[in-house]
Amino acid sequence: MTRVLAAAFLLVLSLAVPARAHVVEAGADLRVTQTFGAREVTFVIAGVSSVPAPLRVSVQAVDPTSLEFALELRSLADGSRSTGSVRVGQGPAALPARHAGPYELRVRAGDEASTIPFRVLVPVSAPWTMAMDGAFLVTGLLVVGGVLTSSRSRLLVGGASASAAVAVALMLLAPHLPAAQPEGAAPVAEAGRPYAQGRYSTLPARPATGAEFTLTLRLTDGGTGRPVDDLTVHHEAPAHLVVTSEDGAVFRHVHPLRTAPGVLAVRLRVPQPGRYLAYAEIERQESGGQLVSGSFEVVGPARPEASPRETAVPRLTPAAPVAGSPVTVELGAEGRLQPWLGMSGHLIVRSEDGAHLAHAHAASALRFTLTLPAPGRYLAWVQYATGGRLVTRSFTMEVDR
Ligand SMILES: [Cu+2]
């Protein structure tokens, strides 16, 4: 009897390990992409499993660059600070984090800086997982004790059976039991927040072709009018900003820096005068995604684009897309795809009049499925990373009614 129990115990133990692995979600890396000096860099803040711990911060880029960043980590709980520096593609900086909870990481290169709010979360076991571990431990001790003493005492066998039953029952119920909130998590608020109201401005007020200017987006809460400072990182950035010239000849997909609460700013340089359309994709905590659009004017003579425009000839299925039904867009990449913003490819589509903007993702090959709302001409850009560079290729699509 004890041998059978011992075998059953080992079998259950072997099953129990993978079943628990997904309970803990804190401890994962946070990846935040930002546009610095017209380059896309991704800060990686490694997850921690306990505190105090060194918080490891590294920075990656698809395009080769040797940007160096000064880092300052500040705890919003007690105001303690630590500093360091990190270079693109090199080993991480280790900044001490004394406890879980809200922090700000300020990253600076030259005269550009961004302050990234985030939380250090530490996994916590739910009480029932401790009960399950305890029951497994008791079963194991009783079984081992029984084997060693060759005892067939009813009490021993009964006790081992009972604790094994509790452990197995908890293990089977595990998917339905609540996971513990990680230490340092934000209190759960009511679901849903008002829309953010966005206002775009440029500095200087009338940017000139070929000259650097700053595009700023100020976000205010549609209810209170206060700055919106609760953006969640989605697709590896708090905000994805698409800027296109009205005719679609100029396209930028950038990740503005948080220069103050509710204020996002990015430096741009465009070759062509005229009206530009801006669309920011954001997500407030406990809310859905939102597109914040606006426009600005650029003056001056047309200049050649710094990086020549690449075009693509995609395969569409159906070949003549229809408004309101899905179309699949496929492209061949010239090399092995590297992940960019967590995906192998991004497709951004704008209606010619600027009224609609769509953003689709490809998980493996460059294959996207999307539905366009109205007939007409659409301007499209595919973005992916390959061979150590970020590629943007454009094409147009006609959508029938
Ligand atoms: Cu983006």
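Start at 1 and go down the list; that is how both ligands and their atoms are numbered.
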| task | Give a yes or no on whether R393 atom CZ has more than 12 heavy-atom contacts from other residues, nucleotides or ligands under 6.0 Å away. | result | yes

| message | How about CZ on F395, more than 12 heavy atoms from neighbouring residues, nucleotides or ligands closer than 6.0 Å, or not? | response | yes

| message | Given a threshold of 2.8 Å, state how many protein N/O/S atoms are nearer than that to the Cu ion (ligand 1). | response | 3

| Above 12 or not: heavy atoms from other molecules or residues under 6.0 Å from CZ of R267? | yes

Pairs of donor and acceptor atoms involving the side chains of residues 83-93, under 3.5 Å and at least two apart or interchain, shall be tabulated with distances.
from: R87; atom 1: NH1; to: S66; atom 2: O; distance (Å): 2.9
from: R87; atom 1: NH2; to: E68; atom 2: OE1; distance (Å): 2.9

| salt bridge (Lys or Arg N to Asp or Glu O under 4.0 Å) contacts in which one or both residues fall within residues 370-391, not counting sequence neighbours | E310-R389, E334-R389, E352-R377, R377-E398

| Got a sec, which residues hit side-chain contact (heavy atoms from CB on, under 4.5 Å) with A165, two or more places apart in sequence or on another chain? | none

